[in-house]
Amino acid sequence: MTQAIVSTLLRSGQREPNEISASNRTEKKLQSFAGETGIHAVANNETLIENSDIVFLAVKPQDLYATLEPIASTFDDHHIVVSLIAGVSLHDLQNLLPNTKNHLRVIANAASRIGESVVGVALSDGVEPLWSSVEEILSPIGKVVLVDDGDQIEALLVATSSGVGFVFELMNYWQEWLEERGFSPREAQDLTTHTFLGASRLAQNQPEHSYEELIRKVASAKGVTAAGLASIRELEIERALRISFEKASLRDKELGASAKSID
Ligand SMILES: NC(=O)c1ccc[n+]([C@@H]2O[C@H](COP(=O)([O-])OP(=O)(O)OC[C@H]3O[C@@H](n4cnc5c(N)ncnc54)[C@H](OP(=O)(O)O)[C@@H]3O)[C@@H](O)[C@H]2O)c1
């Protein structure tokens, strides 16, 4: 995630390599990324924090406590802490890093790499004046939206972050179906990608139309699309997806719990 965000910030000209420093548990990975991008590789987290103003936290939730516990006292009130970590609320961050009150929580997705992520941002109390700067810094990564640190950010984690994986799963079904009808895997994948891309761009070009209206426009009564749609509804695909979203949401809560302690 860090590599995707840093690469996009550099490519867009939003930040210069000499303005960005990073540390990483595995030295080799850090050196290789620093070599590719020109950012500073810093030997340890403590030194990184001492020399930074804005600190992005991007470890896995289960590594968060062990990462922050030894360095929490290095933070002070001038630091702005941007957490990318699933399941960890602003309240949890405040407890983990009590020396600074400037916490932001960001939910992005894998499309950060190409500047097409949904970027949900929740701000701790008092950080609101920084909103326009935050929006400016993150906008190369994708569409930045201000959300609350409750249901809204948790919803984005499932629908727009994990959602990329869910969409790939659906695309895989499309590809397999096309392959079964004689297309090579490469052709089937390409045709599937174009179908999803075309549908997304059509919707994006007509924001005044709801999805229900768009469906009515492409499905003539008793036609081929209408027959398929009727079956999708009979099979209750929406219900199946809702159950999957709820399962993902539960897992988010479990991971958040694992980030708060080393147990
Ligand atoms: N990937 C996504 O699309 C996505 C979407 C939404 C949210 N997120 C969140 O973003 C965070 C990162 O996810 P990811 O997919 O980028 O994970 P990742 O590829 O595993 O990256 C985590 C990095 O943290 C490093 N690390 C672990 N402990 C450390 C420590 N004590 N000090 C310094 N570095 C340490 C790891 O080093 P090693 O090289 O040693 O493993 C690894 O490079 C997660 O909290 C996840 O919930 C990710």
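Counting begins at 1 with the first residue of the sequence. Counting convention: from 1, in listed order, for ligands and their atoms alike. Predicted model only: the values in this text are computed from it and were never measured.
Given atom 6 (C) of ligand 1, the protein heavy atom at minimum distance is S161 OG, 3.0 Å. When only non-hydrogen protein atoms are considered, atom 9 (C) of ligand 1 lies nearest to L84 O, 3.0 Å. With respect to atom 18 (P) of ligand 1, the closest heavy atom belonging to the protein is K60 CE, 4.0 Å. What sits closest to atom 32 (N) of ligand 1 on the protein, heavy atoms only, is N45 ND2, 3.0 Å. Of the protein's non-hydrogen atoms, T26 OG1, 3.3 Å is the one closest to atom 38 (P) of ligand 1. Atom 41 (O) of ligand 1 has as its closest protein heavy atom R25 NH2, 3.0 Å. With hydrogens left out, the protein atom closest to atom 21 (O) of ligand 1 is A58 O, 4.0 Å, a heavy atom. Among all non-hydrogen protein atoms, the one lying nearest atom 3 (O) of ligand 1 is M1 SD, 3.6 Å.
At a 4.0 Å heavy-atom cut-off, ligand 1 touches K29 through the side chain alone. Residue contacts with ligand 1 for A86 involve both N, CA, C or O and side-chain atoms from C-beta outward (heavy atoms, distance under 4.0 Å).
In this structure, the side chains of H78 and D53 come closer than 4.5 Å at one or more pairs of heavy atoms.
For atom 14 (P) of ligand 1, a protein non-hydrogen atom is found at a distance below 4.0 Å.
For the residue pair Q206 and K217, a side-chain donor N or O sits within less than 3.5 Å of a side-chain acceptor on the partner.
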For this session: Before giving the answer on salt bridge (Lys or Arg N to Asp or Glu O under 4.0 Å), spell out for E238 and R242 the whole-Å C-alpha distance, their side-chain angles and the decisive distance to 0.1 Å.
Result: CA-CA 6 Å; E238 183 187 2; R242 275 178 181 271; 3.2 Å; yes
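Taking every non-hydrogen atom of A110 and a distance limit under 4.0 Å, the qualifying atoms of ligand 1 come out as 3 (O). Interface atoms of ligand 1 facing A108, defined by a heavy-atom separation under 4.0 Å, are 5 (C), 6 (C). Those atoms of ligand 1 with a heavy atom of I85 less than 4.0 angstrom away are 45 (O).
On a distance-only criterion, N24 and ligand 1 share at least one N/O pair closer than 3.5 Å.
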